[in-house]
Amino acid sequence: MKRILIIDDDEEFCLELRDFLDHRGYQVVYATRGSDAVDLDRNFGANAAFIDLNLPDSDGIQIAWQLTMARDDLI
């Protein structure tokens, strides 16, 4: 099963996107704080990530960089 990580400070959006993807056969987790994303993915092992670039506590580009540096198979 494909695993997707969502990182967005809008929890309602995260829940809607999670439900949408879940109904299409994806396993999904989300973080509403960028600072939680890398640790969450360390345990989850996402195949892809949707990342909000304007997180209030983090730079989305920096989070993407941290995720890709931690793993070489993330899309």
Side-chain angles (χ1 to χ4, degrees):
M1 177 179 285
K2 296 290 184 182
R3 295 174 306 278
I4 298 178
L5 172 63
I6 303 167
I7 307 161
D8 196 297
D9 59 312
D10 182 342
E11 188 164 18
E12 185 174 329
F13 171 77
C14 290
L15 292 169
E16 288 176 14
L17 184 55
R18 182 195 65 185
D19 291 346
F20 175 83
L21 294 168
D22 183 61
H23 284 100
R24 282 148 184 84
Y26 294 94
Q27 185 178 1
V28 181
V29 296
Y30 70 89
T32 56
R33 295 171 32 97
S35 57
D36 297 334
V38 175
D39 289 335
L40 179 62
D41 187 55
R42 189 172 293 124
N43 295 322
F44 182 62
N47 300 108
F50 289 95
I51 305 170
D52 180 357
L53 298 180
N54 294 315
L55 296 164
D57 71 325
S58 305
D59 178 348
I61 298 292
Q62 180 69 21
I63 296 298
W65 181 82
Q66 290 175 347
L67 289 170
T68 57
M69 294 308 294
R71 305 201 5 242
D72 60 358
D73 62 342
L74 185 67
I75 298 173

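Predicted, not measured: the structure shown is a model, and the values here were computed from it.
- The salt bridge (charged side-chain N to carboxylate O under 4.0 Å, His left out) contacts involving residues 20-34 comprise Arg33-Asp36, where partners must be two or more places apart or lie in separate chains.
- With hydrophobic clusters built from ILVMFWY side chains whose heavy atoms lie under 4.5 angstrom apart, Phe13 does not share a cluster with Val29.
- A chain of hydrophobic side-chain contacts below 4.5 Å, direct or via other Ile, Leu, Val, Met, Phe, Trp or Tyr residues, connects Ile63 to Phe44.
- Under the side-chain contact (heavy atoms from CB on, under 4.5 Å) criterion, Val38 pairs with Arg42, Gln66, Leu67, sequence neighbours left out.
- The shortest distance between side-chain heavy atoms of Ile61 and Leu53 falls below 4.5 Å.
- Here the shortest heavy-atom pairing between Ala31 and Cys14 reads O-SG, 4.4 Å.
- There is no path of hydrophobic side-chain contacts, each under 4.5 Å, that joins Tyr30 to Leu40.
- Counting heavy atoms from C-beta outward, Arg18 and Leu15 have side chains that approach closer than 4.5 Å.
- Judged by distance alone, the side chain of Asn47 and the main-chain N or O of Arg3 form a donor-acceptor pair under 3.5 Å.
- Closest approach of Ala46 to Asp41, counting heavy atoms only: N-OD1, 2.7 Å.
- Between Leu55 and Gly60, the shortest heavy-atom distance links the atoms CD1-CA, 4.4 Å.
- Using a 4.5 Å heavy-atom cutoff, the side chains of Asp8 and Phe50 are not in contact.
- Note: the hydrophobic cluster containing Ile51 also contains Leu5 (ILVMFWY, side chain heavy atoms under 4.5 Å, direct or indirect links).
- Remark: side-chain polar atoms of Asp57 are paired, donor with acceptor, to backbone N or O of Gly34 under 3.5 angstrom.
- More than 12 heavy atoms of other residues, nucleotides or ligands shown are found within 6.0 angstrom of CG on Asp39.
- With rounding to the nearest 0.5 angstrom, the CG atom of Asp52 is 8.5 Å from the CG atom of Asp10.
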